[in-house]
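Working notes for the structure below.
Every value quoted in this text rests on a predicted model; they were computed, and no experiment measured them.
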Amino acid sequence: MRLSRFYLPLLKETPSEAQIASHRLMLRAGMIRQQGAGIYAWLPLGFLVLKKIEQIVREEQDRAGAVEMLMPTIQPADLWRESGRYDAYGKEMLRITDRSDREMLFGPTNEEMITEIFRAGVRSYKDLPKMLYHIQWKFRDEIRPRFGVMRGREFLMKDTYSFDIDEAEARRSYNKMFVAYLRTFARMGLKSIPMRADTGPIGGDLSHEFIVLAETGESAVFCDERLIDMEVPDKETDFDGDLQPVFDQFTSLYAATDEMHNNEDFEKRVPSENRMSARGIEIGHIFYFGTKYSLPMKASVAGADGKDSPVHMGSYGVGVSRLLGAIIEAFHDDDGCKWPMSVAPFHVGVINLKSGDDACDKACATLYDALREAGVDVLYDDTGGRAGEKFARMDLIGLPYQVVVGPRGLKSGNVEIKRRSDGEREEVSVDSAVHFIAERVSDALKVE
RNA sequence: CGGGGCGUAGCGCAGCCUGGUAGCGCAUCUGGUUUGGGACCAGAGGGUCGCAAGUUCGAAUCUUGCCGCCCCGACCA
């Protein structure tokens with residue numbers, strides 16, 4: 001992409017409403033634009049990242065055996081009357097009426113709808129287990145939206161729903177998502193920690209929040225710091241096999257959010273040198289809720305004995321749009337974003353320091369074409385303007401690598417390559433630059 | 001929803017207390033000098049001061065109502 005064609009409205013000054021780094025940087029880097037409280041338009045740069053995050057989520061869901069579909073944003077109220085949640089949900093749910101005065105709502109989640117869809121098509125235990133997911137915009141009329149996309153009212157969420165014949169089988173589905181989540185967040189460079197979450201009236205131990213540690217996190221968390229470097233299962237993991245050992249391993253050490261924290265327990269189970277109290281951002285939440293919806297909504301299947309019984313369900317959410325905020329919180333400095341390669345809007349930025357200069361233009365054009373040929377996403381800064389402005393802009397948007405092409409280096413046939421993550425620079429010849437970048441990009445994108 | 005604050009040019013703000021017909025920085029446009037980390041000089045364009053009503057000879061400024069947004073708290077992916 002040529003910068004001169006792109007739409008990248010940057011802000012030099014910090015908008016007054018942005019309190020935390022991710023919100024500030026998303027506004028300054030021209031990724032989002034606010035349209036109302038907790039409602040954002042995704043500008044080209046932000047949208048590129050959003051799509052990359054979405055794709056990683058999708059790939060790991062598919063790997064775990066879930067099947068993608070798409071449910072509507074608008075749902076009929078009657079569906080929610082079946083589960084009893086139409087009245088229970090409260091003002092968080094945006095209720096609307098259509099031209100015939102039919103009661104509708106903008107979906108805050110999809111348990112009811114997926115249950116209706118499932119019950120319409122499945123009769124026998126032989127059709128189980130099933131895991132279905134979609135990635136769709138949700139609306140929750142939060143009392144107080146804040147922190148940009150971290151707590152918006154409209155947000156993009158991946159939600160998966162599992163259907164099993166009994167609790168033991170449901171646990172297997174739960175474990176699949178548990179592992180899928182560990183992998184999903186790791187691929188984005190995040191160290192996520194599963195923490196016991198409140199299961200509410202249903203009870204049991206089957207609800208976990210996936211937390212990424214960040215100073216600006218919304219909740220206080222307490223954990224054994226050895227969890228941070230626990231090894232995430234690789235892509236050869238057999239999702240049809242027994243995943244219980246992985247679950248056991250990750251849940252063997254203490255980890256709890258504020259609500260679930262028990263200090264006595266914490267001190268008993270965690271050696272003092274490993275105790276960690278920090279703040280965290282919730283980026284995923286998985287939940288087993290048994291027959292909560294299948295019973296009232298009559299989603300049953302015939303068992304081997306010919307008798308009908310309600311299916312056991314679970315739901316598994318990932319805050320896709322929220323992840324942008326979480327990733328920036330984890331990877332940024334005073335100058336801007338520092339995207340991990342896997343979610344970067346472009347892998348590399350080519351900076352033409354002297355647009356209009358024959359040698360510079362030529363070298364840049366060669367690099368631009370060759371990099372794209374090599375499968376690298378390139379943003380080519382072909383604009384006029386001063387060097388300082390170009391450097392600052394590229395640092396702000398935070399592409400993993402910058403290739404600086406200027407008359408000074410070209411005299412000796414060289415360009416400068418800067419790595420955004422640590423600022424390390426290296427002079428390489430124009431000829432070897434493509435290989436240099438392409439190799440590092442493909443290494444960084446390798447899925448393990 | 002309780003408490004606090006803010007709406008003045010694209011962005012950041014001053015002016016409001018003490019009414020007199022709107023200003024600064026950045027950005028934008030033109031010309032020139034510059035050119036490897038957000039340049040400089042000269043000039044120009046751009047605002048029904050959130051909306052509505054009221055007080056007044058006169059309202060960005062005072063009064064009332066409404067709308068929007070932000071911050072703290074309780075709630076949430």
Side-chain angles (χ1 to χ4, degrees), chain A residues 9-20 23-24 27-28 30 33-39 53 57 89-93 107-110 135-160 181 185 192 197-198 200 207-212 217-219 257-259 280-287 315-326 334-336 351-357 360 381 384-396 402 404-411 414-416 418 423 425 427:
Chain A
L10 303 184
L11 303 176
K12 201 184 244 180
E13 286 166 283
T14 299
S16 56
E17 73 267 21
Q19 301 295 308
I20 62 171
H23 190 193
R24 196 164 61 232
L27 290 169
R28 286 199 52 213
R33 181 163 176 82
Q34 182 168 2
Q35 299 298 327
I39 300 174
I53 291 174
V57 170
Y89 216 91
K91 297 184 88 169
E92 247 191 1
M93 184 153 74
T109 178
N110 287 71
I135 299 171
Q136 177 63 291
W137 293 93
K138 306 281 194 288
F139 192 92
R140 291 184 192 170
D141 200 354
E142 296 284 349
I143 292 166
R144 185 149 101 82
R146 60 179 133 177
F147 302 148
V149 301
M150 295 265 274
R151 165 95 48 105
R153 290 197 293 174
E154 188 179 60
F155 56 97
L156 188 61
M157 180 178 172
K158 185 283 304 176
D159 40 327
T160 306
Y181 277 28
F185 302 133
S192 70
D198 193 1
S207 179
H208 287 85
E209 290 180 9
F210 284 74
I211 301 281
V212 52
E218 292 190 87
S219 38
T257 58
D258 219 1
E259 311 87 77
I281 301 166
E282 183 183 354
I283 50 178
H285 196 161
I286 61 178
F287 209 101
S315 73
Y316 314 88
V318 169
V320 175
S321 47
R322 170 180 279 193
L323 271 166
L324 266 93
D334 288 345
D335 296 328
I351 299 177
N352 187 341
L353 280 184
K354 197 167 185 182
S355 189
D357 175 89
C360 287
D381 182 352
R386 309 176 64 79
E389 184 189 358
K390 287 167 175 260
F391 292 135
R393 175 167 55 211
M394 206 54 92
D395 284 347
L396 176 60
Q402 302 171 7
V404 181
V405 181
R408 212 164 70 189
L410 281 184
K411 269 185 207 146
N414 288 339
V415 295
E416 184 182 276
K418 173 179 162 182
R425 295 154 199 264
E427 285 258 323

Q) Under 4.0 Å between a side-chain N or O of A:K91 and OP1 or OP2 of B:C1? A) yes
**Q.** Interatomic distance at P, B:A74 relative to B:U63, whole Å
**A.** 34 Å
Q.
Using atom P in both nucleotides, what's the gap between B:G65 and B:G25 to the nearest angstrom?
A. 38 Å
Q: Would you check if the side chain of A:E142 reaches a backbone N or O of A:R144 as a donor-acceptor pair within less than 3.5 Å?
A: no
Q. Is there a donor-acceptor pair closer than 3.5 Å between any side-chain N or O of A:R28 and the backbone N or O of A:L11?
A. yes
Check nucleotides 26-35 of chain B against the protein and report each pair of N or O atoms closer than 3.5 Å, with its distance, or say if there are none.
unit_1 : atom_1 : unit_2 : atom_2 : d
B:U34  : O2     : A:R386 : NH1    : 2.8

Q. With a 3.5 Å cut-off and just heavy-atom distances, do the side chain of A:R28 and the base of B:G38 make a donor-acceptor pair?
A. yes
Q. If we ignore angles and hydrogens, is there a donor and acceptor under 3.5 Å between the side chains of A:Q402 and A:D395?
A. yes
Q: Take the protein atom CD of A:Q34 and the nucleotide atom P of B:C70, then report the distance between them rounded to whole Å.
A: 5 Å
(Q) Only pairs with both distances under 3.5 Å count, Watson-Crick or wobble alike; so what is the partner of B:G2 in this structure? (A) B:C72
Please list, pair by pair, any protein nitrogen or oxygen found under 3.5 Å from a nitrogen or oxygen in nucleotides 75-77 of chain B.
unit_1 : atom_1 : unit_2 : atom_2 : d
B:C75  : N3     : A:R151 : NH1    : 3.2
B:C75  : N4     : A:R146 : NH2    : 3.2
B:C76  : O2'    : A:E142 : OE2    : 3.2
B:C76  : O2     : A:R151 : NE     : 3.4
B:C76  : O2     : A:R151 : NH2    : 3.4
B:C76  : N3     : A:R151 : NH2    : 2.6
B:A77  : O3'    : A:E282 : OE1    : 3.0
B:A77  : O3'    : A:E282 : OE2    : 2.3
B:A77  : N6     : A:G152 : O      : 2.5

(Q) To check you understand the geometry: which heavy-atom pair defines the closest contact between A:S192 and A:I283, and what is its length? (A) CB-CD1, 4.3 Å
Q: For nucleotides B:G73 and B:A14, find the distance between their P atoms and express it as a whole number of Å.
A: 25 Å
Q: Select from A:R425 and A:G36 the residue whose nearest nucleotide in RNA chain B is closer to the 5' end of that strand.
A: A:R425
(Q) Do A:H23 and A:R146 make a side-chain contact, defined as non-hydrogen atoms from C-beta onward lying under 4.5 Å apart? (A) no
Q: Could you work out the separation of B:C66 and B:G3 based on their P atoms and round it to a whole Å?
A: 15 Å
Q: Whole angstrom is fine here: how far is it from CZ in A:R33 over to P in B:C69?
A: 14 Å
**Q.** C1' atoms of B:C69 and B:G54, separation to the nearest Å
**A.** 26 Å
**Q.** Nearest-Å distance for atom pair CZ/P, residues A:R24 and B:G12
**A.** 14 Å
Q.
Measure CG/A:D334 against C1'/B:G38 and give the value in whole Å, please.
A. 15 Å
